[in-house]
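Right, one structure below, let's go through it.
Letters A, B, ... are given to chains in the order of the sequence lines, protein chains preceding strands, and every chain is numbered from 1.
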Amino acid sequence: MEVTNDKGMPMPSELKRLVHFASLEKVLNMARAHSIWPLGFGLACCAIEALMGTNGPRYDLSRFGYEVMRPTPRQADVMVVAGTITTKSAPFVLRLWEQMAEPKWCIAVGSCAISGGPFVDSYFVVPGARQIIPVDVYVPGCPPRPDAIIDGFLKLRAKILDPKVVEL
Amino acid sequence: MEKKISEIISELKEKFPQIKTSEETISVSTEDLLGLMQELKNSFGFNYLTNLTAADYPADAKGKGDGNEDEDDGEMEIVYNLTSVYEKLYLTVKARVSRKNPEIPSVFPVWGGANWQEREVYDLFGIVFTDHPNLKRILLTDNFEGYPLRKDYQWVGGRK
Amino acid sequence: METSIYSVLAFYVLAAVILGSAILVVSMRNIVHSVLFLAICFIAMAGLFLILDAAYLAVIQVLVYAGAVCIMIIFGVMLIQRTDMKQSNLFNRQTFMAGGVVALTLAVSGFFAGTTAWADLAANTPVPEDSLGQIGQLLLSKYVIPFEVAALLLLVALVGAIVLAKEVKANVDD
Amino acid sequence: MLENLFTNIAGLLRNLLDSAGVPPLWNDVTLLVVKLVAILVFILINALWLVLMERKVAGYMQARIGPNRVGPWGLLQTTCDIGKLISKEIPIPKSADKILFLLAPALVFVPPLMIFAAIPFGKDMVALDLNIGLFYVFALASLTTIIFWMGGWGSNNKYSLLGSMRVVAQMVSYELPMILSVLGVIMLVGSMNLTEIIAAQQNMWFIVTQPIAFLIFFIAAVAECNRTPFDLVEGESEIINGPYTEYGGMGFAMFFLAEYASIMIISAMATTIFLGGWLAPFGLTFIPSWLWFFLKMYVLIFVVMWFRWTFPRIRVDQLMGFGWKILVPLSLANVFVTGIGMYIYRAIGW
Amino acid sequence: MLRTETYTMNFGPQHPATHGVFQVVLTLDGEKIVKAEPVCGYLHRGIEKLAESRTYQQVIPYTDRMDYLASMLQNWGYVMAVEKLMGLEVPERAEYLRVISGELSRLASHVLATGVYALDVGGFTGFLLCFRERERMMDLLEELTGSRMTFSYARFGGVADDAPEGWLEKLDKLMDDMPGYIDEYDGLITGNEIFQARTKQVGGLSPETAIDYSLSGPVLRGSGINYDLRKAKPYSIYDRFDFEVPVGKNGDCFDRYFCRVREMRQSVRIIKQAIEQIKEIDGPIKGKVPKALKPPKGDAYAEIESSKGILGFYVVSDGTNKPHRVHVRRPSFINLGYLDEMSRGWLIADLVAILGSIDIVLGEVDC
Amino acid sequence: MFGNGLIKGLRITWKEFTSKKFTVQYPEEQHTKPERFHGRFVFDADKCIACNLCANACPNNVIELKSEKVEKKKFLTKYVMNIEYCLFCGMCVEACNKDAINFSLEHDMSQYNYDAIPLILVEREAPKPEPKPEEATPEASGEKAEPKVKGKGKQKEETPAASADKSASDEVAAGKAPEKEGQ
Amino acid sequence: MSDWAGVLIFLAVAVAFGAGGIVTSFIIHPRSIANQKFEAYECGVPTIGTTWVRFRTSYFLYALMFVIFDVETIYLFPWAIKYQSLGLFAFIEMMIFLFILIVGLWYAWKEGALEWK
Amino acid sequence: MLTISLTHYVVLSAILFSIGLFGVLSKKNAISVLICIELMLNAVNINLIAFSKYITPNEFIGQIFAIFVITVAAAEVGVGLAIIIAIYRNKLSVNLDEFDWLKW
Ligand code: SF4
Ligand code: SF4
Ligand code: SF4
């Protein structure tokens with residue numbers, strides 16, 4: 001089932017800059033890569049692992065400085081889509097994504113967020129976050145272990161530091 | 001325990017001669033439902049509506065359900081699981097409605113717990129609970145079409 | 001006399017800020033902005049008080065006016081205003097008449113201010129240090145009656161305002 | 001040597017300027033600006049470091065480690081954060097009151113910075129030695145309220161609005177006990193000059209003579225800078241992020257840093273007023289005075305963080321009740337008791 | 001006469017205190033709640049429908065994804081219903097393993113609930129400390145089942161795997177430590193005056209209403225009703241264990257929370273007894289079950305006490321290898337039904353406390 | 001007495017503050033995963049008899065399995081796990097009596113591209129003239145990084161999706177040419 | 001005087017710092033446009049009703065109380081500074097002053113003005 | 001002549017007072033009127049303090065008076081706002097044009 005979306009997403013949001021210095025951008029990317037603040041936003045089971053488990057004492061995402069869970073999209077850098085997106089929740093996931101301030105990234109955690117996962121056949125499930133928002137890193141699993149999620153974060157870090165890693 | 005349940009059922013049988021009974025299950029028509037439920041709650045202490053759900057038995061699945069289908073289109077069965085919290089008694093009540101015109105009185109006046117459960121059944125099966133105070137879709141979006149748990153509900157999955 | 005160029009400069013700058021923000025207070029269409037400019041006006045006035053060697057007054061000007069009265073007014077605004085904040089502070093029909101009255105006042109007071117020989121009155125002595133202590137001393141000796149009256153005034157204001165503003169409990173269910 | 005490190009630097013600078021033939025007034029101004037820049041840098045570095053410290057403390061109290069990857073021991077973590085925040089978009093909501101929305105973060109740093117000017121960091125280390133320093137601090141602190149309110153109201157968001165209502169009510173309610181609690185100290189000292197207040201603690205810190213006042217001051221101060229258990233303003237589980245809900249990027253960073261700056265202020269103020277400021281306890285004068293000041297300040301900051309990571313959040317009506325029904329009467333009583341005590345003390349004589 | 005304006009505010013779906021995607025449309029007067037209309041279904045994934053197109057075994061993993069905090073109990077509830085339908089016997093050792101893993105799962109769920117509740121009222125440390133213990137439980141469960149959250153452990157007529165070597169000893173060790181941990185929560189959360197001020201006398205619920213609204217689990221017991229299926233209608237082998245059912249007095253948030261904390265201690269007790277008893281029992285962990293599972297026509301309703309309350313599975317078979325209908329009586333869903341009435345007249349902060357004390361899992365609410 | 005609980009709380013946090021930390025510093029240290037851990041799948045093509053049991057047991061049709069009849073024996077030509085749909089429930093592993101499909105302890109499966117997610121465990125062509133299992137059934141498990149897993153002509157070079165840490169770089173079955181996502 | 005001039009300089013620099021931070025950020029940050037980006041954030045769903053709503057009077061009463069007591073402090077401080085040299089009489093006067101205000105506090109308390117509703 | 005004399009202050013105060021007066025007379029919103037009254041009171045304060053400094057620097061009459069003025073102003077705003085709120089409750093408006101009680 002396609003998500004009701006009038007503007008025809010997925011569509012990479014176009015970044016504009018007033019001034020652009022490539023070297024400054026490099027420095028800033030370095031800062032960005034080490035300070036990815038996730039939007040404290042969990043949809044389903046995966047959220048327990050992705051948002052709580054990784055922040056828990058054992059896996060401690062804070063070591064990388066990524067633990068600053070922001071409750072509002074304005075301050076968040078990465079949207080961790082952890083869980084099933086349903087037809088009902090898709091509009092607000094999209095809205096949250098759109099309300100996030102640039103630059104922003106998205107990690108899809110778990111089968112559900114990648115493709116609808118176990119519920120892909122259901123009448124009420126959106127088959128994956130990529131149907132509505134551009135995803136940067138996919139972390140398969142159901143739910144993935146917190147280690148795997150940290151790995152996803154590190155992959156995102158690599159991508160921010162050097163956007164070319166994706167093109168291999 | 002066993003004995004007590006059977007006592008209750010035989011007592012009920014006297015009061016409501018139309019009901020069909022088996023061990024812990026009572027089948028009742030929609031007209032008698034409310035009266036029976038009131039009786040169950042007030043006289044027999046079934047103060048707790050554990051579960052309320054429905055199942056769809058369309059006609060083409062004739063014989064697959066455990067009841068006999070008279071109508072062409074089949075029936076839907078509403079199942080009430082009752083509990084007496086203090087006496088620790090358990091009872092199942094079943095009622096059938098036709099699929100064409102699924103209407104049944106709400107038991108919300110008897111047990112408040114029916115509120116959301118009936119809404120859920122309405123949402124997923126389209127069974128109308130008359131006199132329910134707030135019969136709206138609860139899980140699905142308001143503009144959702146169809147009742148997904150009916151057997152004839154058609155949809156397309158998202159798999160590529 | 002303050003003759004240092006800096007204090008003169010400070011006076012003019014502050015006076016400009018005061019008058020400018022005062023005009024904005026009156027002319028803003030959004031009452032919330034009015035209140036904010038009022039706060040700026042108060043703060044600039046505190047600066048003026050500093051030039052006038054009244055440091056304590058400057059500080060209480062900030063504390064009481066900018067910090068407290070403004071907030072109270074803001075609360076008042078929030079209690080009262082409804083939807084359209086942008087049009088909350090308009091002029092009424094009497095604007096022109098008011099303009100006339102004000103022009104007259106200004107002329108009269110300007111005339112007297114300009115013609116009075118203020119310089120003759122001037123004592124030409126510097127303000128002593130420890131003004132605060134002196135104020136304290138005076139308040140509790142010479143001005144003790146007004147001092148207590150001030151307390152009473154505050155009490156009455158508090159009680160009165162509570163009585164006025166409190167939601168009447170009897171009518172809760174209408 | 002270490003003791004007078006900063007004063008010596010200042011003196012050196014003055015001499016340098018003097019010998020360069022700069023007129024004394026400009027000399028003063030230059031020095032002031034230098035001090036100012038020093039304070040600004042000091043606040044920024046400390047605020048950054050405090051954010052990190054907070055995260056570290058949180059980590060350690062929660063059986064985990066906390067930031068340790070960026071830079072040695074994670075020291076560059078918050079620098080990265082700020083770098084990122086600067087380069088992050090500030091979305092201005094359509095319905096917001098744009099003037100207020102942008103003014104609030106720009107101004108929120110003003111009161112803390114100005115307050116720092118009056119705080120004596122060490123022996124002879126105060127940028128502005130004001131006669132009524134204490135009152136100056138309170139007056140400026142009271143301005144914070146209105147700035148927070150501007151942010152919340154300007155956002156035109158229900159959470160922000162609720163947050164700003166709370167911020168105003170809370171700061172207003174706790175400012176009073178804070179001001180009243182230091183009255184006792186002022187009665188003892190007879191001055192509002194912070195340097196004099198410190199000097200008066202030569203023999204005995206005021207925390208000993210005015211313990212209740214210290215408690216009230218500290219509690220009220222914690223509440224003033226919206227820290228747990230009084231962090232209703234940004235109570236995440238209730239009203240998202242309070243007044244900052246709509247702020248992204250630098251707008252948020254400003255509020256964020258200002259919060260830590262105000263923690264520094266309250267700790268510094270509590271140190272100055274009650275813990276003897278830069279005075280060395282037990283005659284341990286070989287440690288320079290400014291180090292003592294920082295030590296005491298950081299102990300208090302740690303306590304504030306400790307509170308945060310231990311206590312749940314109080315409810316808003318309880319908060320107000322606590323402020324008005326307990327702290328205000330208590331601080332008034334403190335004034336009364338101090339007055340009587342001093343009178344008796346004087347009557348008995350020594 | 002002017003009254004203050006009421007206004008509507010969305011609390012959720014993306015809100016840190018809603019424990020997932022759940023929305024309450026609040027009508028507020030100042031900060032006071034005039035009306036709280038819960039909107040759920042943001043996580044409705046149609047599990048009941050999907051189950052109709054899966055074979056009986058294949059439904060098991062889906063039950064995991066309902067109450068993902070205590071998946072073990074969901075598995076158990078489902079297989080119990082099918083076992084009832086088919087009249088299957090479960091070997092003793094399997095029963096013990098179910099009890100152990102189920103109670104461990106309950107413990108994990110309660111620990112999380114405790115921690116999240118601490119977070120809801122603003123205590124972050126309690127939350128993360130609870131995670132530490134939960135992590136240890138996860139380790140054990142992972143060792144047993146291979147997954148950290150979605151176990152799919154129960155099988156018809158038994159369990160998937162026997163406990164690995166040394167597992168029971170490790171579990172025993174954890175159970176020895178557990179009371180100490182719970183004491184820690186008591187010190188950090190329960191005993192905290194601020195916490196008590198936030199939760200006591202808030203969101204009171206009378207026993208009559210609790211029963212009338214079919215509330216269950218700690219919500220019901222918090223109001224003073226001693227109704228726990230493990231005691232009331234001992235299923236599996238619960239009649240062999242000696243434990244108590246903690247009940248509250250006032251039915252306020254604190255009682256609901258505290259019931260959970262005390263239940264943890266009881267779970268520890270049960271597990272300890274089970275470990276003692278399982279050592280004597282050797283035997284298969286899976287009963288005789290046909291490969292292609294085709295239960296006879298008919299329906300069955302089985303209920304167990306999950307961590308959130310009464311978890312019932314209603315399974316209808318039409319004689320094929322796929323269920324005709326699976327319905328789940330989800331305790332969270334039904335417990336949530338009374339939220340509106342419960343939160344009226346309280347402040348927003350209280351709503352958070354009330355919602356937290358109900359301990360919902362959205363996967364279960366929305367199914 | 002008001003304050004007792006507060007002080008007790010402070011004491012507990014202080015105790016935690018000074019006590020040993022619980023953190024396992026992933027990625028340098030790895031938390032030991034139990035044997036039964038449901039990680040990335042490994043597949044032993046030699047053992048598999050293409051009986052389809054696993055695919056049938058799977059609740060979500062994750063396993064895409066193709067075989068060809070070669071001399072009365074089924075020859076597995078394709079075994080792809082679309083793990084983007086997988087529940088990691090272990091039903092397939094349980095169903096396989098030949099122990100061909102199994103879980104490994106490897107958990108890092110994250111990818112930048114959607115198309116790279118499916119695990120292509122076997123993709124080859126059936127031996128035309130006569131079965132030569134030694135050559136034609138290379139190991140395709142995640143353990144042994146043999147780049148030439150897939151049959152010929154799929155892609156020139158197998159390039160593991162590069163990442164910051166080397167731990168995830170043994171991307172054996174990275175799949176078809178990963179296309180760039182719209183970013 | 002010079003001290004206070006310092007305050008002014010501080011003020012100027014502080015304002016410049018704040019404004020500078022915001023302006024710099026505006027220059028270097030990237031931006032994008034999306035449909036709902038600049039709508040108010042309310043947990044991810046569209047806002048219902050107006051935002052700038054009226055509040056209850058009880059909030060106002062806090063501000064009122066604060067103003068009254070704030071004004072009170074401006075009398076208290078001069079007194080406190082001079083306390084040591086003032087006599088018993090001044091102390092009693094101040095206590096009367098305080099008493100009058102405490103009556104006000106008590107009244108507000110009694111009237112429920114201190115309840116957050 | 002670069003000196004600031006009392007005249008400057010008096011003129012400043014007069015202008016400020018006039019602005020306030022203008023606001024009082026011409027604004028619709030009752031709260032706005034209150035704000036403008038505050039402006040007027042502050043104008044008075046400037047005068048008082050200026051007099052205090054220039055004329056009686058040793059007696060502090062002006063300053064003490066200013067303190068009293070601040071007190072009165074605070075009380076005035078408090079009561080004034082309370083009155084406005086009370087009126088608003090009955091009339092649902094703060095628009096002074098609509099208050100025509102004087103015509104009763
Ligand atoms: S991927 Fe699995 S664990 Fe994650 S949300 Fe979906 S069903 Fe739950
Ligand atoms: S783990 Fe489960 S879902 Fe995944 S392939 Fe195996 S059977 Fe299918
Ligand atoms: S993996 Fe096992 S079950 Fe699957 S086809 Fe091969 S042998 Fe059969």
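- Looking at B:T25, there are no atoms closer than 4.5 Å to chain E (heavy atoms on both sides), in backbone or side chain.
- Interface remark: E:E52 contributes side-chain atoms only to the contact with chain B (heavy atom separation under 4.5 Å).
- Annotation: the span from E:S214 atom OG to B:Y48 atom OH amounts to 5.5 Å, rounded to 0.5 Å.
- With contacts defined as side-chain heavy-atom distances shorter than 4.5 Å, the pair B:L124/E:K49 does not qualify.
- If you tally non-hydrogen atom pairs under 4.5 Å between each of B:T50, B:I138, B:V110 and chain E, the highest count goes to B:T50.
- Residues B:T53 and E:R325 have side chains in contact (heavy-atom distance under 4.5 Å, counting atoms from C-beta outward).
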*Determine, step by step, whether E:D212 and B:K41 satisfy the side chain to side chain contact (heavy atoms under 4.5 Å, CB included) criterion, reporting the C-alpha distance in whole Å, the side-chain angles of both residues, the deciding distance to 0.1 Å, and the verdict.*
CA-CA 10 Å; E:D212 184 39; B:K41 182 179 180 186; 3.8 Å; yes
*asked:* For B:V79 and E:Y301: C-alpha separation, side-chain torsions, deciding distance, then whether side chain to side chain contact (heavy atoms under 4.5 Å, CB included) applies.
replied: CA-CA 10 Å; B:V79 184; E:Y301 174 76; over 6 Å; no
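- Contacts with chain E were tallied for B:T92, B:V85, B:N115, B:D56; B:V85 has the most, counting heavy-atom pairs under 4.5 Å.
- Contact of E:Y338 with chain B is not made at all, since no heavy-atom distance falls under 4.5 Å.
- Of the atoms belonging to E:L229, it is side-chain heavy atoms, and not backbone ones, that fall under 4.5 Å from chain B.
- Put simply, the side chain of B:Y57 does not reach to within 4.5 Å of the side chain of E:D318, judged on heavy atoms.
- For chain E, the option among B:K136, B:Q117, B:K151 with the highest count of heavy-atom pairs below 4.5 Å is B:K151.
- In this structure, the portion of E:E37 lying under 4.5 Å from any heavy atom of chain B is its side chain and not its backbone.
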_Pair E:H327-B:N51, side-chain hydrogen bond (donor to acceptor under 3.5 Å, both in side chains): steps then yes or no_ = CA-CA 10 Å; E:H327 170 75; B:N51 183 31; 3.2 Å; yes
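- Heavy atoms closer than 4.5 Å to chain E are found in both the backbone and the side chain of B:L149.
- Heavy atoms of other residues, nucleotides or ligands lying less than 6.0 angstrom from NZ of E:K294 number 12 at most.
- Counting heavy-atom pairs closer than 4.5 Å to chain B, the top residue among E:V39, E:L336, E:I310 is E:L336.
- Separation of atoms OH (E:Y213) and CG (B:L49) is listed at 12.0 Å; rounding is to 0.5 Å.
- With salt bridges taken as basic N to acidic carboxylate O contacts below 4.0 Å, none links E:R329 and B:E120.
- One distance of note links CG of B:N47 with CD1 of E:I211; it measures 4.5 Å at 0.5 Å rounding.
- In this structure, no portion of E:T209 lies under 4.5 Å from any heavy atom of chain B.
- In the displayed structure, B:K13 atom NZ is contacted under 6.0 Å by more than 12 heavy atoms of other residues, nucleotides or ligands.
- With a 4.5 Å cut-off on non-hydrogen atoms, E:I225 touches chain B through its side chain but not through its backbone.
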